[in-house]
Amino acid sequence: MRPAKDFFAPLAVGAPAPVHEVPARPARMIHFFDPSNPKMAAKVPDMVGTVDVLLGNLEDAVKAESKEAAREGLVRIGRDTDFGEHTQLWTRVNALDSPWVLDDLTTLVTEIGDTLDVIMVPKVQGPEDIHYVDRLLAQLEAKAGIERPILVHAILETARGVANVEEICGASPRMQGISLGPADLAADRRMKTTRVGGGHPGYLVRQDPVAGADGTPDYAGERPHFQQDLWHYTIARMVDACAMHGIFPYYGPFGDIKDTVACEDQFRNAFLLGCVGTWTLHPVQVDIAKRVFSPTAEDVAHARRVKEAMGDGTGAVMLDGKMEDDASLKQCLVILELADRLAATDPELAELYAQKEA
Ligand SMILES: CC(=O)SCCNC(=O)CCNC(=O)[C@H](O)C(C)(C)COP(=O)(O)OP(=O)(O)OC[C@H]1O[C@@H](n2cnc3c(N)ncnc32)[C@H](O)[C@@H]1OP(=O)(O)O
Ligand SMILES: O=CC(=O)O
Ligand SMILES: [Mg+2]
């Protein structure tokens, strides 16, 4: 293990110094596109400014025969596109045990390393995977003369990764965040589902049977039942691990593109539990993510009222029949900090939050 005094030392001579605090840039939606798909690639310039993150995906969902075309396509997009001030460019490289990842990292860092903000690493099993990428990135950054460190984002999609999630989050100052990868995680855990994220109608709890006329339980009678959230445990664990290490948690893919209602529910559950964003796989999911991962004007207005009522931030007050104190104020400050950060880059939100104040 690296001693604490070396944690922030560059891992190669000439590599940029690691960041001490991960920048809290808006990343409500990490929008996936396949750089080898000409129709999708052509849409990228027009999506700049409409999404927080554009992610050129090289891993799953890109055919084996298109891996090189995807890598080359991403290099072209990275070189030719002006991403403006507010849209970041990320990539998801192939898995560390694949034959493509070394070329992915070498090519992307040396060709477009100045433009790439974050590299998403799939199927991370433990801190050793992050250490490998960390050192290699430092060597490549030094070789390419890159002046700010490229950050790393891990996907939580193996049982071993979940067991090691705290160590993964703290493995390097490059760690920007973690996304839930429900599809691969389900397979690795041997869950008996066949979906990409979202719920399952079979995962439910049912109310106890009521007594029939003869006093015995009526097992066959109608009983309310409620679908449960398959991902609650993992998301909550991921959120805690990220918060502990000062990095950011994200929901991952929701594969039922047509079911925008359930997609919004899944995104909102993740937002309420502490996630800062999600993946969007199709343009139809972008506005859902924007809506869900931005606090509502009502929440912002309420948070401002609590802050105002709490004065120096200590003690207890009554507001609209509810007790507010130091702890509820802290929750309100989380909302206000997020609202300020988003309003700084999103004029529509800035106006919405200002209107509510007036
Ligand atoms: C488990 C995991 O690893 S999840 C992450 C990996 N998966 C992905 O990245 C999937 C990314 N998304 C996609 O591949 C596609 O959206 C699909 C396959 C799901 C659906 O694609 P299509 O059948 O073409 O969808 P649809 O016909 O509704 O597309 C409408 C338009 O939006 C475009 N489009 C679709 N997805 C995207 C996207 N992610 N980004 C930009 N444009 C897109 C299509 O090219 C099409 O363009 P056109 O109007 O010029 O023809
Ligand atoms: O990569 C994402 C997943 O769900 O698997
Ligand atoms: Mg996966």
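Source: prediction; values computed, not measured.
Note: H153 and W90 have tilted aromatic rings, judged against thresholds of 30 and 60 degrees for the angle between ring planes. Ring planes of F293 and F267: tilted class, angle from 30 to 60°.
At least one donor-acceptor pair closer than 3.5 Å links the side chain of S98 to the backbone N or O of A95. A donor-acceptor pair under 3.5 Å is absent between the side-chain atoms of K63 and the main chain of A61, judged by distance alone. Side-chain N or O atoms of D6 include none that pairs as donor or acceptor with a backbone N or O of A9 at under 3.5 Å. Of the possible donor and acceptor atoms, none in the side chain of T193 sits under 3.5 Å from a partner among the backbone N and O of R195. A distance-only check finds a donor-acceptor pair linking the side chain of Q285 to the backbone of F254 [under 3.5 Å]. Of the possible donor and acceptor atoms, none in the side chain of N164 sits under 3.5 Å from a partner among the backbone N and O of E167. In this structure, R135 contributes its side chain and L11 its backbone to a donor-acceptor pair below 3.5 Å. Looking at Y250, its side chain never comes within 3.5 Å of a backbone N or O of G252 through a donor-acceptor pair. Judged by distance alone, with hydrogens and angles left aside, the side-chain atoms of S328 form a donor-acceptor pair with the main-chain N or O of D325 at under 3.5 Å. The closest donor-acceptor contact from the side chain of K67 to the backbone of V62 lies under 3.5 Å.
To the nearest 0.5 Å, the span separating OG on S172 from NE2 on H245 amounts to 12.0 Å. For the atom pair L108 CG and L140 CG, the distance stands at 10.0 Å (nearest 0.5 Å). Between the CG atom of L74 and the CG atom of L89 there is a distance of 6.0 Å, given to the nearest 0.5 Å. Between the CD atom of Q139 and the CG atom of L105 there is a distance of 11.0 Å, given to the nearest 0.5 Å. From D103, atom CG reaches atom CD of E68 across 7.0 Å, with rounding to the nearest 0.5 Å. Taking NZ of K43 as the start and NE2 of H31 as the end, the distance is 9.5 Å to the nearest 0.5 Å.
Looking only at atom types and distance, the side chain of E111 has no donor-acceptor partner in the side chain of T107 under 3.5 Å away. Side-chain contact check for T234 and R189: at least one donor-acceptor pair (N or O, by modelled atom type) lies under 3.5 Å.
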Quiz item: Are T91 and D104 close enough, and set up right, to give a side chain to side chain contact (heavy atoms under 4.5 Å, CB included), and what steps lead you there?
Solution: CA-CA 10 Å; T91 185; D104 291 346; over 6 Å; no
Exercise. Decide salt bridge (charged side-chain N to carboxylate O under 4.0 Å, His left out) for R305 and D320; before the verdict, give the C-alpha distance in whole Å, the side-chain angles of both, and the deciding distance to 0.1 Å.
Key: CA-CA 11 Å; R305 285 184 66 219; D320 305 333; 2.9 Å; yes
Quiz item: What do the steps show when you test V300 against T296 for side chain to side chain contact (heavy atoms under 4.5 Å, CB included), and what is the final call?
Solution: CA-CA 6 Å; V300 172; T296 62; over 6 Å; no
Quiz item: Under the side chain to side chain contact (heavy atoms under 4.5 Å, CB included) criterion, do K322 and E324 qualify, and how do the steps go?
Solution: CA-CA 6 Å; K322 296 194 182 76; E324 307 287 350; 4.3 Å; yes
Practice problem: Let me see the working for E264 and R291 under salt bridge (charged side-chain N to carboxylate O under 4.0 Å, His left out), right down to the final yes or no. | Solution: CA-CA 9 Å; E264 177 155 349; R291 183 164 63 245; 2.6 Å; yes
Exercise. Apply side chain to side chain contact (heavy atoms under 4.5 Å, CB included) to I150 and V152, showing your working.
Key: CA-CA 7 Å; I150 298 169; V152 168; over 6 Å; no
Quiz item: Would E348 and Y353 count as a side-chain hydrogen bond (donor to acceptor under 3.5 Å, both in side chains) if you check the C-alpha gap in whole Å, the side-chain angles of each, and the deciding distance to 0.1 Å?
Solution: CA-CA 9 Å; E348 264 175 47; Y353 296 155; over 6 Å; no
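Checked for salt-bridge contact, R237 and E166 meet the test: a charged N lies under 4.0 Å from a carboxylate O. Using a 4.0 Å cut-off between a side-chain N of Lys or Arg and a carboxylate O of Asp or Glu, E337 and R341 qualify as a salt bridge. Comment: E298 does not engage R304 in a salt bridge, judged by the lack of any side-chain N to carboxylate O separation of less than 4.0 angstrom. E59 has a carboxylate O that lies under 4.0 Å from a charged side-chain N of K123, or vice versa, which qualifies the two as a salt bridge.
The minimum heavy-atom distance between W231 and G198, with the atom names listed, is NE1-O, 2.9 Å. Nearest approach of N57 to P35, heavy atoms of both residues: O-CD, 3.2 Å. Contact record, A142 with A12: CB-CB, 4.4 Å, taken as the closest heavy-atom pair. Minimum interatomic distance between G313 and L329 (heavy atoms only, all atoms of both residues): CA-CD2, 3.4 Å. In this structure, L319 and A309 approach most closely via the heavy-atom pair CD1-CB, 4.3 Å. Heavy atoms only, all atoms of each residue included: R174 and A138 are closest at NH2-N, 3.3 Å.
Residue Y203 places its OH atom among 12 or fewer non-hydrogen atoms of other residues, nucleotides or ligands, all under 6.0 Å distant. Shown here is Q228, whose CD atom has more than 12 heavy atoms of other residues, nucleotides or ligands within 6.0 Å.
The salt bridge (Lys or Arg N to Asp or Glu O under 4.0 Å) contacts involving residues 17-33 comprise R25-D117, R28-D52, R28-D346, where partners must be two or more places apart or lie in separate chains.
By the rule that hydrophobic residues join a cluster once side-chain heavy atoms approach within less than 4.5 Å of another member, M191 and V165 end up as members of one cluster. Note on V317: it clusters hydrophobically with L333, by side-chain heavy-atom contacts below 4.5 Å among ILVMFWY residues. Hydrophobic cluster membership is shared by V93 and Y132, with clusters built from Ile, Leu, Val, Met, Phe, Trp and Tyr side chains linked at under 4.5 angstrom.
Within the 4.5 Å cutoff, the side chain of R92 has heavy atoms near those of the W279 side chain. Using a 4.5 Å heavy-atom threshold, the side chains of I178 and C169 count as touching.
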